[in-house]
Amino acid sequence: MNSQTQDKFTLINELARRRGFFWQSYEIYGGASGFVTYGFLGTRLKQNIEKKLRDLFVNKLGILEIEAPIIAPAKVFEASGHVEHFKEPMVECLKCGRRFRADHLLKEKARLSETEVEKLTLEELKNAIERNDVRCPECGGAFGEPKYFLTMFKTSIGPYSEAVGYGRPEAAQNIFVEFRRLYENAREKLPFGVMQIGHALRNEISPRQGLIRLREFTIVDVEFFFDPEEPNCYLLKDLENETLRLVLAESKLRGSEEIVEVTVKEALEKGFIKVPWQAVFMALAKKLLTELGVPAEKQRFIEKLPWERAHYSLQSFDQEVYVDRWGWVEVSGHAYRTDYDLKRHMQFSGVDTRVFKEYEKPVEIEKTVVKPLMAKLGPKFKGETQKIAEILAEMNPEEVEESFKKKGYYMLGEHKILPEYVEIVKCKVTEKGKHFIPHVVEPSFGLDRLVYVTLEYAYHVKDDRVILSFPRDIAPIQVGVYPLVSKDGLPEKAMQVYKMLIDEGFIAEYDEAGSIGRRYARADEAGIPLGITIDYETLKDDTVTIRDRDTWRQVRNKIAVLPELLHKYFRNKIDFEDLGEPLKE
RNA sequence: GCGGCCGUAGUCUAGCCUGGUCUAGGACAUCAGCCUGCCACGCUGACGACCCGGGUUCAAAUCCCGGCGGCCGCACCA
């Protein structure tokens, strides 16, 4: 083994393939980049990490879990903004074949701003490139037609190709799309959260980083809805003294990656994090990673700069973990999505996504409203008039007026509303409460990346032997049962112990192949925390030895007390030393 | 997608330059048997590979072309 020369990524990928954690899919046909198959051990490891996420979010915080389709009608991702934003304009040099982001080139050569460039259509990009005589920065060649590369997987639903569908690039939209019903299921109370664990698809241009970047991967999206006027978080008290290591956007602007370590409380007081719920989820994410075996000093939260943020986000932090090959790698994203998604789905679907909150006392106020003029709307929009009028009446008058001033019309979904269709009037009303769109903070985890960092931090070498020191509550196999030698009735006795443990609900493995040392070594490599060995003394007094994977120490105890002690051990209630009497060498 | 390097059993590798002696050698792992009284012991045996497709040639693991895949760099990563 040349473990000195190979980095951990290589070592882990080899081990993963050899022992059955994961490998590249479709190997017999040459493999396909960006797709992975989990084997027996990997599947279980992943399930156990999922279980931890469920325990944290669903059991402890009362977040509701759903499971929804991967394929969605095009409309969903048009509304979410993904069709518009989830693509990059690219141009290819006709001479050398190199490809570049058209917008990046223009930004540099034509000195256009980020926002200006983003608005350009393909046609405009092409003209701008010609006008500014932008040429290939590598060879000076001319460029071909700019083309979009859409990073969503596109398909058609049913036999009609015009029924376009997309593979979801995130699990979040299912939650926003179903918001009405989910809110009802949650008995119409804020705050509340919904989680979805499932596959997502992103047609990455060149995914070459194993579990770190896949085209099909498992995402854990939690959408937490709250009233922006009451952003306070009832968990804050429990977590306010947890520390967070932050790299703030302002440091990044100075070109520094300086880490400020603050408590959750300070981060909020100093305005580093805008929303209390977001700070709390960040603290929970840190705890989760720590429990997966990543030390706090190998974690940080890095704030995204405005132009790095997703289109829906007002403030974003990436939780990063330091890995051997690439340095800091994102494992979760924490975005303040505000009311962006629900608002967009309201505009596109025409379905009201607002919630109602009753005031303690009704208030009489004078307010400005948009009054739809049915006589004008009717002839124009025919059958849809009623629906349009209802939505218009609920729109924010300032927003509508501003749009009239700026553009001369207002876009309600795909309907163009001209100023003469409505009146903006002041009137006195008694309000019993208010309608509003809840705000959302979203912690979002890449489960495959969690699996990877768990493996990397579990990876240890002791006396030239590989040990995967998984935290005991996520180990794919909990106990190994071994006869010291495979003769004299020891295998039969060991089998009895094995069956008893299975019956008690443990994930156990029986192994009698090869010498005892070899079996211990094999078990260490699969990350099995405990080994139970049946020896000649067992036949006399029903005691067995219990071996610790990480220290190779052994203790001895009665078979009869194993179930209770092991249950406590795997729930982290007792330590290895409490499992029995130390064995004298 | 571009450029460089690369692709031989589950893993690591010999052979490739200089085509034939390759029925492709070794080590580790795995399986079976013996052995084994606590950390990859030993012995015997078994399983198991030239990435795919074309071409050149009497003859291709070896030379050429294309594809697929990998690593590194560029680009990309909402």
Side-chain angles (χ1 to χ4, degrees), chain A residues 1-3 6-7 9-11 13-20 23-35 39 77 80-88 90-93 96-101 104-105 118 136-139 147 149-152 169-170 202-210 212-215 304 307-313 316 318 325 329-330 333 335 446 462-467 482-488 490 512-525 531 533-539 544-545 547 549 551-554 556 583 585:
Chain A
M1 278 274 190
N2 45 347
S3 52
Q6 289 180 300
D7 67 354
F9 177 78
T10 307
L11 291 169
N13 279 290
E14 276 169 12
L15 175 65
R17 219 175 320 148
R18 193 158 44 79
R19 292 308 303 264
W23 56 83
Q24 193 187 38
S25 303
Y26 311 117
E27 273 177 340
I28 66 162
Y29 291 109
S33 231
F35 298 95
F77 290 108
S80 73
H82 283 84
V83 170
E84 191 186 340
H85 292 101
F86 212 72
K87 65 183 181 194
E88 312 296 348
M90 298 186 82
V91 282
E92 186 171 347
C93 171
C96 71
R98 287 193 175 81
R99 286 180 167 207
F100 301 89
R101 288 271 302 264
H104 286 186
L105 286 175
E118 271 194 359
C136 174
E138 293 294 325
C139 75
K147 280 181 198 153
F149 179 73
L150 182 70
T151 31
M152 280 196 293
E170 56 169 21
R202 296 180 189 184
N203 203 0
E204 301 284 355
I205 294 172
S206 173
R208 285 189 297 193
Q209 294 160 42
I212 302 294
R213 240 169 96 224
L214 295 169
R215 291 194 165 112
K304 295 297 220 179
W307 54 87
E308 295 173 330
R309 286 198 301 257
H311 57 275
Y312 47 69
S313 175
S316 283
D318 278 355
R325 179 179 285 193
V329 161
E330 178 190 355
K462 181 172 178 176
D463 295 354
D464 269 350
R465 277 163 46 172
V466 173
I467 304 179
Y482 321 106
L484 184 62
V485 292
S486 41
K487 61 177 184 186
D488 301 330
L490 295 183
E512 62 163 272
S515 73
I516 188 69
R518 192 190 204 75
R519 284 174 271 158
Y520 287 155
R522 255 200 302 258
D524 290 344
E525 210 183 44
T533 305
I534 281 69
D535 55 21
Y536 285 95
E537 264 184 80
T538 312
L539 301 178
V544 292
T545 64
R547 171 185 179 274
R549 171 195 64 201
T551 62
W552 300 351
R553 279 187 308 215
Q554 285 181 294
R556 191 160 197 107
L583 208 69
E585 300 296 313

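Chain identifiers are assigned alphabetically (A, B, ...) following the order of the sequence lines, protein sequences preceding nucleic acid strands; residue numbering begins at 1 within each chain. Heavy atoms only: backbone and side chains are in, while hydrogens, waters and symmetry mates are out.
In this structure A:Ser515 satisfies the side-chain contact (heavy atoms from CB on, under 4.5 Å) test together with A:Arg518, sequence neighbours excluded. With sequence neighbours left out, the side chain to side chain donor-acceptor pair (under 3.5 Å) criterion links A:Gln24 to no other residue. Considering only residues two or more places apart in sequence or on other chains, A:Arg547 meets the side chain to side chain donor-acceptor pair (under 3.5 Å) condition with A:Asp524. Evaluation of the side-chain contact (heavy atoms from CB on, under 4.5 Å) rule for A:Val83 yields A:Phe77, A:Glu78, A:Met152, A:Tyr166 as partners, not counting sequence neighbours. Remark: A:Tyr312 engages no residue in a ring-ring contact (aromatic ring centres under 6.0 Å, His included) (not counting sequence neighbours). Partners of A:Ser33 by side chain to side chain donor-acceptor pair (under 3.5 Å), not counting sequence neighbours: none found. Under the rule for a side chain to side chain donor-acceptor pair (under 3.5 Å), the partners of A:Arg556 that lie at least two apart in sequence or sit in another chain are A:Asp535, A:Thr543. Taking the ring-ring contact (aromatic ring centres under 6.0 Å, His included) definition, one finds that A:Phe9 meets it with A:Trp326, A:Tyr452, sequence neighbours left out.
Closest to the side chain of A:Glu525, from the set B:A40, B:C77, B:C71, is B:A40. Distances were taken from every side-chain heavy atom of A:Gln554 (C-beta onward) to each of B:G70, B:C39, B:G37; the shortest belongs to B:C39. For A:Arg547, counting side-chain heavy atoms from C-beta on, the closest listed nucleotide (B:C77, B:G37, B:C39) is B:C39.
The phosphate of B:U11 (OP1 or OP2) has a side-chain N or O of A:Arg17 nearer than 4.0 angstrom.
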Under 3.5 Å, N/O pairs linking protein and nucleotides 51-53 of chain B:
none

Identify each atom pair where a protein N or O and an N or O of nucleotides 33-36 of chain B are less than 3.5 Å apart, giving names and distance.
from	atom 1	to	atom 2	distance (Å)
B:U36	OP2	A:Lys487	NZ	3.3
B:U36	O4	A:Ser486	N	3.1
B:U36	O4	A:Ser486	OG	3.0

Could you write out each protein N or O paired with an N or O of nucleotides 27-32 of chain B at a distance under 3.5 Å?
from	atom 1	to	atom 2	distance (Å)
B:A29	OP1	A:Arg518	NH2	3.3
B:U30	OP1	A:Arg522	NH1	2.4
B:U30	OP2	A:Arg518	NE	3.4
B:U30	OP2	A:Arg518	NH2	3.2

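Atoms NZ and OG1, on A:Lys462 and A:Thr551 in that order, are 6.0 Å from each other to the nearest 0.5 Å. Rounding to the nearest 0.5 Å places OG1 of A:Thr538 at 8.5 Å from CG of A:Leu484. Atom OH of residue A:Tyr520 and atom CH2 of residue A:Trp552 lie 12.0 Å apart, to the nearest 0.5 angstrom.
Taking each heavy atom of A:Tyr482 and A:Ile516 in turn, the nearest pair found is CB-CD1, 3.8 Å.
Backbone-only engagement by A:Gln24 is indicated by non-hydrogen atom pairs under 4.0 Å involving sugar-phosphate atoms exclusively. Note on A:Ser33: only backbone sugar-phosphate atoms sit closer than 4.0 angstrom, heavy atoms only; bases stay farther off. Residue contacts for A:Arg549: at a heavy-atom cut-off of 4.0 Å it reaches no nucleic acid atom on any strand shown.
B:G3 and B:A29 are spaced 37 Å apart, taking the C1' atom of each and rounding to whole Å. Atom name C1', nucleotides B:G67 and B:G26: the rounded distance is 32 Å, in whole Å.
A residue-by-residue look at A:Trp552 and A:Glu170 shows that A:Trp552 has its nearest nucleotide of RNA chain B further toward the 5' end.
At a cut-off of 3.5 angstrom, the base of B:C38 holds at least one donor-acceptor pair with the side chain of A:Asp535. Judged by distance alone with a 3.5 Å cut-off, a donor-acceptor contact links the side chain of A:Tyr520 to the base of B:C38.
Taking a pair as Watson-Crick or G-U wobble with both distances under 3.5 Å, the runs of three or more consecutive pairs in RNA chain B are B:1-7 with B:68-74, B:10-13 with B:25-28, B:30-34 with B:42-46, B:51-55 with B:63-67.
At whole-Å resolution of the value, CG in A:Leu15 and P in B:G10 are 17 Å apart. A:Gln209 places its CD atom 13 Å from the P atom of B:C77, with the value rounded to the nearest Å.
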